[in-house]
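Lettering of chains follows the sequences in order, A, B, ..., and the numbering in each one begins at 1.
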Amino acid sequence: MALSTQPYKGARDFYPEDKRLQKYMFNTIRRTVEKFGYEEYDAPVLEPVELYLAKTGEEIVNEQTYAFEDRGGRKVALRPEMTPTVSRLVAAKRQELAYPLRLFNIGGRWRYERPQRGRYREFYQADVDIFGIEGVAAEHEIIQVADHMLRAFGATREMYTIRLNSRKLMDYVLHDFLGCNEVQAQSIAKLIDRIHKIEHAEFLVQADALFSPSQRDAGAVGKLLHVLNAKKPELLPDEVRSQVSFKEILNVMQLLQASGVTNLRFDPTIVRGFDYYTGIVFEVFDTDTENNRSMFGGGRYDGLVGLFGVEPVPTVGFAMGDVTLANFLESHELIPELQPEVDVYAIFVGNVWDQAQKVVELMRSEGLNVACDLTDRKLDKQIKTADKKGIHYVVIIGQKEIDDGRFVLKHLGTGAEERHSAARIASIVKDYRAKHLPHSISPTDDDLDIEEV
RNA sequence: GCGGGCGUAGCUCAGUCGGUUAGAGCGUCUGAUUGUGGUCCAGAAGGUCGUGGGUUCAAUUCCCAUCGCUCGCCCCA
């Protein structure tokens with residue numbers, strides 16, 4: 001039985017052409033968050049399984065975690081998300097870190113679930129978190145970062161909306177305004193999460209079933225709908241509007257509007273799945289009707305660091321997944337033509353390798369990425385290889401060229417050939433690269449058209 | 001965890017109402033006289049029809065199981 005060449009179920013191989021897109025996405029993300037002063041960290045993929053028991057949410061730990069025992073009998077898990085890990089890192093150096101602390105990580109996450117469209121068992125995620133700010137300035141910044149990130153990919157604000165709510169506010173609504181107990185509150189929160197997936201009548205039936213007779217008599221369903229139908233915070237019931245968490249929402253919205261974020265909406269149906277959120281939560285939606293769904297989101301989680309037995313540290317963060325991002329970019333035609341990193345394919349005619357090395361080295365020291373064809377095949381085969389790899393330039397080096405000190409530079413797009421010294425070739429190709437391949441690593445700043453405030 | 005669809009060449013797929021040498025396009029390789037690719041032309045290689053079992057004179061085709069892929073549900077970082 002031959003070995004399978006397939007990657008593990010739900011995990012992907014990245015051939016260079018796939019990796020190019022991933023690099024483009026990660027580099028763009030990295031560049032954006034670094035502009036805001038976020039610093040990259042990393043941590044092991046394996047964590048003790050208890051790390052996820054506390055706050056992540058039962059389903060994820062019990063059914064969606066890759067958990068196993070190591071040879072020493074320790075229960076470990078492949079990290080399904082980064083938030084508990086980064087909280088651990090912060091808790092470990094709680095006293096010595098300088099706040100506000102801005103951290104980001106880009107890496108693989110593992111979830112044991114059935115793969116389907118847009119969802120894998122191994123996916124990549126960028127986590128961006130700010131630690132140590134209690135006020136809404138942190139929410140303001142984090143959402144601004146998310147907004148800049150999408151705009152750095154060339155997205156316009158018509159392509160996505162940012163929907164905002166507050167976990168704290170919803171806790172008040174469920175417990176105090178509607179008088180739910182803990183169990184009811186959780187069930188209703190789950191139901192709210194599904195409101196856009198089910199029929200309105202069905203929602204009413206299920207909501208009604210969750211309330212007690214006395215709550216029903218007090219008009220619980222109507223009150224719940226009053227809250228959920230509020231398209232603007234001002235439309236919430238008076239009692240709800242008296243809450244501090246309501247004022248926070250208003251503040252964040254005002255700050256973001258002042259920052260030019262015009263596609264922000266209040267949406268009381270945003271609750272998010274994780275148990276650890278404690279304040280403002282938000283989700284970013286694709287406005288494309290084909291793909292009208294939540295792409296990513298985040299919020300405030302002030303309690304996680306404190307779980308490690310240190311003083312709590314207020315935190316706001318979000319995470320963006322590679323698959324949903326790629327889908328978004330694709331559906332809005334925002335993926336640029338990505339090129340290989342190789343600038344020049346060096347082709348050798350005859351037995352000139354010894355003498356040609358100096359030429360190649362010179363081009364490299366001038367800053368070019370040069371791949372050499374080492375096969376000694378016929379010239380046409382070597383050119384064909386370069387073409388197949390998508391490399392734009394070929395340099396032909398034969399005895400004639402070596403004697404002359406000038407080499408044939410051929411552009412495969414146009415077929416044009418010219419003869420130059422190695423140094424001149426380097427400068428021509430670098431010039432070309434700067435002009436024609438701005439996306440080979442990441443977009444230039446010119447692509448980011450941030451409007452003036 | 002539940003339900004649907006599909007497994008035929010490297011890729012995308014056709015086909016066999018069960019019956020001698022299983023097809024196409026793309027891709028790959030070779031060639032058109034030796035230092036020029038992408039187009040065109042000529043030719044070639046490549047499949048025990050996912051795997052195991054059953055029915056049958058005969059199975060890639062029918063039946064069962066199994067594995068894999070895929071889409072949806074649940075759930076969602």
Can you list everything that forms a salt bridge (Lys or Arg N to Asp or Glu O under 4.0 Å) with [X]? Sequence neighbours excluded, please.
{"X": "A:Asp354", "value": "none"}
{"X": "A:Asp13", "value": "none"}
{"X": "A:Arg265", "value": "none"}

### Task
Using the test side chain to side chain contact (heavy atoms under 4.5 Å, CB included), find all partners of A:Ile29 that sit at least two apart in sequence or belong to another chain.
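For A:Ile29 the side chain to side chain contact (heavy atoms under 4.5 Å, CB included) partners, ignoring immediate neighbours, are A:Ile106, A:Ala126, A:Met149, A:Phe153, A:Met320, A:Leu325.
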### Message
Under the rule for side chain to side chain contact (heavy atoms under 4.5 Å, CB included), what residues qualify as partners of A:Leu204, not counting sequence neighbours?
### Response
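Per chain and number, A:Leu204 pairs via side chain to side chain contact (heavy atoms under 4.5 Å, CB included) with A:His200, A:Val221, A:Leu225.
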### Message
According to ring-ring contact (aromatic ring centres under 6.0 Å, His included), who are the partners of A:His420, at least two apart in sequence or on a separate chain?
### Response
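A:His420 satisfies ring-ring contact (aromatic ring centres under 6.0 Å, His included) with no residue once adjacent residues are dropped.
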#### Entry: Partners meeting ring-ring contact (aromatic ring centres under 6.0 Å, His included) with A:Phe285 (sequence neighbours left out)
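Once residues adjacent in sequence are excluded, A:Phe285 has no partner under the ring-ring contact (aromatic ring centres under 6.0 Å, His included) criterion.
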Protein N or O to nucleotides 33-36 of chain B N or O, pairs below 3.5 Å:
| unit_1 | atom_1 | unit_2 | atom_2 | d |
| --- | --- | --- | --- | --- |
| B:G35 | N1 | A:Glu401 | OE1 | 3.1 |
| B:G35 | N1 | A:Glu401 | OE2 | 3.0 |
| B:G35 | N2 | A:Glu401 | OE2 | 2.9 |
| B:U36 | O2 | A:Lys410 | NZ | 3.1 |
| B:U36 | O2 | A:Glu417 | OE2 | 3.0 |
| B:U36 | N3 | A:Glu417 | OE2 | 2.7 |
| B:U36 | O4 | A:Glu417 | OE1 | 3.4 |

### Query
Honestly, is A:Arg30 close enough over A:Phe104, meaning NZ or CZ under 6.0 Å from the six-membered ring centre and within 45° of the axis?
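A:Arg30 over A:Phe104 ring: no.
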### Task
Give a yes/no verdict on a cation-pi contact between A:Arg88 and A:Phe308, requiring under 6.0 Å between NZ or CZ and the six-membered ring centre and an angle within 45° of the axis.
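No - A:Arg88 does not lie over the ring of A:Phe308 by the 6.0 Å and 45° rule.
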Nearest-angstrom distance from the residue atom [atom1] of [X] to [atom2] of [N]:
{"X": "A:Asp373", "N": "B:G37", "atom1": "CG", "atom2": "C1'", "value": "13 Å"}
{"X": "A:Asp322", "N": "B:C76", "atom1": "CG", "atom2": "C1'", "value": "15 Å"}
{"X": "A:Ile195", "N": "B:C75", "atom1": "CD1", "atom2": "C1'", "value": "18 Å"}
{"X": "A:His196", "N": "B:C76", "atom1": "NE2", "atom2": "C1'", "value": "16 Å"}
{"X": "A:Glu81", "N": "B:C76", "atom1": "CD", "atom2": "C1'", "value": "11 Å"}
{"X": "A:Lys381", "N": "B:G37", "atom1": "NZ", "atom2": "P", "value": "10 Å"}
{"X": "A:Tyr276", "N": "B:C76", "atom1": "OH", "atom2": "P", "value": "12 Å"}
{"X": "A:Tyr345", "N": "B:G38", "atom1": "OH", "atom2": "P", "value": "15 Å"}

### Task
Name all residues meeting the side-chain hydrogen bond (donor to acceptor under 3.5 Å, both in side chains) criterion together with A:Asp18; count only those two or more places apart in sequence or in a different chain, and write none if there are none.
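Residues passing side-chain hydrogen bond (donor to acceptor under 3.5 Å, both in side chains) with A:Asp18: none at all.
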### Task
Only counting residues at least two apart or in another chain, list the ones meeting side-chain hydrogen bond (donor to acceptor under 3.5 Å, both in side chains) with A:Asp302.
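Expected list: A:Arg300.
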Mind checking the [atom1] distance from [N] to [M]? Whole angstroms is fine.
{"N": "B:U61", "M": "B:A45", "atom1": "C1'", "result": "27 Å"}
{"N": "B:G52", "M": "B:A42", "atom1": "P", "result": "40 Å"}
{"N": "B:U8", "M": "B:A14", "atom1": "P", "result": "10 Å"}
{"N": "B:U66", "M": "B:G47", "atom1": "C1'", "result": "22 Å"}
{"N": "B:A58", "M": "B:C67", "atom1": "P", "result": "29 Å"}
{"N": "B:A9", "M": "B:G5", "atom1": "C1'", "result": "23 Å"}
{"N": "B:G50", "M": "B:C13", "atom1": "P", "result": "15 Å"}
{"N": "B:U34", "M": "B:G25", "atom1": "P", "result": "30 Å"}

Remember a base hit wins even if backbone is also touched, and classify [X] as base, sugar-phosphate or nothing at under 4.0 Å, heavy atoms.
{"X": "A:Arg194", "result": "sugar-phosphate"}
{"X": "A:Gly415", "result": "base"}
{"X": "A:Gly413", "result": "base"}

### Message
B:G37, OP1 or OP2 - any side-chain N/O from A:Lys389 closer than 4.0 Å?
### Response
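It does not, given that no N or O in the side chain of A:Lys389 lies less than 4.0 Å from OP1 or OP2 of B:G37.
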### Query
OP1, OP2 of B:G27 versus side-chain N and O of A:Lys388: anything below 4.0 Å?
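Negative; the distance criterion is not met.
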### Query
Given that A:Leu412 and A:Arg109 both sit by RNA chain B, which one's nearest nucleotide is further toward the 5' end?
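That would be A:Leu412.
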### Pairwise side-chain contact, A:Met170 with A:Leu228, heavy-atom cut-off 4.5 Å (strictly under)
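Side-chain contact under 4.5 Å: yes.
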#### Entry: Range-with-range stems of RNA chain B (Watson-Crick or G-U pairs under 3.5 Å, three or more in a row)
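As far as RNA chain B goes, consecutive pairing (with distances under 3.5 Å) yields the stems B:1-7 with B:67-73, B:10-13 with B:23-26, B:28-31 with B:41-44, B:50-54 with B:62-66.
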### Where protein sits on nucleotides 65-71 of chain B, one letter per nucleotide: B base, S sugar-phosphate only, - none, heavy atoms under 4.0 Å
---SSBS
### Query
Is it true that A:Arg109 and A:Asp127 make a salt bridge, defined as a side-chain N closer than 4.0 Å to a carboxylate O?
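Here A:Arg109 pairs with A:Asp127 in a salt bridge, since their nearest N and O are under 4.0 Å apart.
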